[in-house]
Amino acid sequence: MPPLSTSAPGVRQANFCFRCIACGDVSGSASQNFRCAHCGDLLEITYPHWKEATSTAQEFKSTWVQRRLSQSAIDLSGVWRFRDLLPAIESDDQAITLREGNTPLYELPQCARTTGVPRLLAKHQGLNPTGSFKDAGMTVAATFARLAGFRWVACASTGNTSASMAAYAARGGMRSLVLVPEGKISWSKLSQALDYGAVTCQLRTDFDGCLRLLQELVLRAPVYQLNSINPFRLEGQKTLALELLEQLDWQPPDHIIVPGGNLGNSSAIGKALLEIHALGLISRLPKLSVIQAEGANALVRTLREAGGKRLISVQAETRATAIRIGNPASWKKAAHVLDATGGACEQVTEVEIAQAKAEIGAEGIGCEPASAVTLAGLKKLLKQGFVKREESVVLVLTGNLLKDPDFTMEFHRGDLFKGTPGEEASAALNELRRPPIVLDATLDAVIRTLEQAEM
Ligand code: F0G
């Protein structure tokens, strides 16, 4: 089984090392399960040579802008364009890229009006090649999987990681193994994995069960694990923050709000913010806040009931299936970055998620349910006074609207909450529903419908 070493072929020696987040042990190589050889906790990637970095903040910024004029594959990637802050590869053509990143930062004028926060923006990671933020991490981790000589990559997933992994494995000439909870992920995500050629196993368990099994599997079989436990994934996902800050001309917003599931993304964004702050690219830290679904609120409970000292796992249940996770792997990393940036952690109900999703849809943007927790969470943080109306806020929309059409159809048809505890509260959302209308194919019928819609 090839070792995951910083000295693997194609990896520039000493550009980075692995550090345990708990005991601080630093090593040039990592075991198959990306856990510390001494204490078993998660690893993160660090860059010892940054201490004697010769580039100034201004030089980094202008290098990244100049690369936008280039037509080379690595510069066209919105992730590898920032490669100065990523694990280095020997030659540019080693990167497995689908031109990920480069996602838009949209204004949300209607949501700005309804929430009373005039400076409200959405960074739409759902416009990545496979429709979710996972691509930014996957381009880096898949590249290092191939450099380490692996033929097989594998992940446990609520759908988006598997879609992304399958695509990048296919592009990189590797085979992929997907473990997903049976009946608990959306068809459109599942269909992506199938089309990109993954061996897809629907396991009779939940996401947490899939991840547990994967962690055992990687110790027994020569497969490279591409979950966000893999620290290369988080390095790629860091670039979301770099691209966002560049789009804001390096003027940090007051708040960045992200959904929380397995907590890799919040950890990655937080790591990026702390790194670029230390390197002098930004002069102050935005507050990074994480929002979870009430039914999958492990981090909320961990922070409230255990002071962030030990994980409180939950039996996860939510229609936002992407974040239906009860035992988040990266909880310690996320707790650290929330603390370091002064962010908050909140939970929102199923009805609040559905409302926020419809409101983001009505902006002509749309997102999947898990992404909508950000807007629902913002409303709560405003009520609590944690976010002030004059402050600037960026919501990170993690997945594309088309990722979960069943949720959207059930919402607009009025079926989403039938027979659930949210049924009564959801009546308030009727105004947002736009069910399809079946008509006889006559001009009269269509004109009448148009007139009714105008009223
Ligand atoms: N939003 C979407 C659309 C997701 O797919 C996920 C996670 C999250 C938010 C939460 O991000 O786990 O980094 O805290 N999806 C994973 C998957 C777990 O398997 O696709 P996180």
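Worth saying up front: this structure is predicted, and the values here are computed from it rather than measured. Just follow the structure's listing: the first ligand is 1, and inside any ligand the first atom is 1.
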Notebook entry, point to check: Within a reach of under 6.0 Å around CD of Q315, are more than 12 heavy atoms found that belong to other residues, nucleotides or ligands?
Noted result: no
Next item on the list: Can you sort out which atoms of ligand 1 are near N262, meaning under 4.0 Å from one of its heavy atoms?
Entry: 12 (O), 14 (O), 21 (P)
Margin query: Polar contacts were defined as any N/O atom of the residue lying under 3.5 Å from an N/O atom of the ligand; does this apply to T161 and ligand 1?
Written below: yes
Checklist line | ligand 1-proximal atoms of V258, by part, heavy-atom distance under 4.0 Å | finding: neither
Check: When you check the side-chain N and O atoms of N265 and Q237, is any donor under 3.5 Å from an acceptor?
Finding: yes
Next item on the list: Check ligand 1 against E368 and write out every atom of the ligand that is under 4.0 Å from a heavy-atom position of the residue.
Entry: 3 (C)
Note to self: I'd like to check whether Q237 has a polar contact with ligand 1, where a contact means an N/O of the residue lying under 3.5 Å from an N/O of the ligand.
What the structure shows: no
Note to self: With heavy-atom distances below 4.0 Å as the criterion, list the atoms of ligand 1 near N160.
What the structure shows: 2 (C), 3 (C), 4 (C), 5 (O), 20 (O)
Notebook entry, point to check: Hey, is E410 close enough to R433 for a salt bridge, meaning N to O under 4.0 Å?
Noted result: no
Next item on the list: Under the side-chain contact (heavy atoms from CB on, under 4.5 Å) rule, what do L311 and N327 come out as? Steps first, then yes or no, please.
Entry: CA-CA 8 Å; L311 176 67; N327 194 28; 3.0 Å; yes
Checklist line | Heavy-atom donor-acceptor pair, T321 side chain to R324 backbone, under 3.5 Å | finding: no
Check: Got a salt bridge between D75 and R83, using NZ or NE/NH1/NH2 to carboxylate O under 4.0 Å?
Finding: yes
Next item on the list: Identify the protein heavy atom lying closest to atom 11 (O) of ligand 1, giving its residue, its atom name and the separation to 0.1 Å.
Entry: F133 CZ, 3.5 Å
Margin query: Tell me whether E305 at atom CD has more than 12 heavy atoms from other residues, nucleotides or ligands lying less than 6.0 Å away.
Written below: yes
Notebook entry, point to check: Within the structure, does S162 bring an N/O atom to less than 3.5 angstrom of an N/O atom in ligand 1?
Noted result: no
Next item on the list: Output the list of atoms in ligand 1 that are nearer than 4.0 Å to some heavy atom of A322, sorted by atom number.
Entry: 2 (C), 3 (C), 4 (C), 5 (O), 6 (C), 7 (C), 15 (N)
Notebook entry, point to check: Should the ring pair F18 and F16 be called parallel, tilted or perpendicular, given that the plane angle runs from 0 to 90° and is split at 30 and 60?
Noted result: perpendicular
Check: Is the shortest distance from a heavy atom of I325 to ligand 1 less than 4.0 Å?
Finding: yes
Check: Got more than 12 heavy atoms from elsewhere within 6.0 Å of CZ, R99?
Finding: no
Notebook entry, point to check: At a 4.0 Å threshold, what atoms of ligand 1 neighbour a non-hydrogen atom of I323?
Noted result: 8 (C), 9 (C), 10 (C)
Check: At a 4.0 Å threshold, what atoms of ligand 1 neighbour a non-hydrogen atom of K134?
Finding: 5 (O), 6 (C), 7 (C), 15 (N), 16 (C), 17 (C), 18 (C), 20 (O)
Check: Which residue owns the protein heavy atom closest to atom 13 (O) of ligand 1, what's the atom, and how far is it?
Finding: N265 N, 2.8 Å
Check: What residue and heavy atom of the protein are closest to atom 9 (C) of ligand 1, and at what distance?
Finding: T398 OG1, 3.6 Å
Margin query: Using a 3.5 Å cut-off on N or O atoms only, is G264 in polar contact with ligand 1?
Written below: yes
Next item on the list: For the residue pair W80 and I89, establish whether any side-chain heavy-atom pair is separated by less than 4.5 Å.
Entry: yes
Check: Has ligand 1 got any nitrogen or oxygen that is less than 3.5 angstrom from a nitrogen or oxygen of L263?
Finding: yes
Notebook entry, point to check: Any chance CZ of R35 has more than 12 other-residue heavy atoms, nucleotides or ligands included, within less than 6.0 Å?
Noted result: yes
Next item on the list: Number the atoms of ligand 1 from 1 as they appear, then name those within less than 4.0 Å of a heavy atom of S157, with their elements.
Entry: 17 (C), 19 (O), 20 (O)
Next item on the list: Return yes when G260 approaches ligand 1 closer than 4.0 angstrom through a heavy atom, no otherwise.
Entry: yes
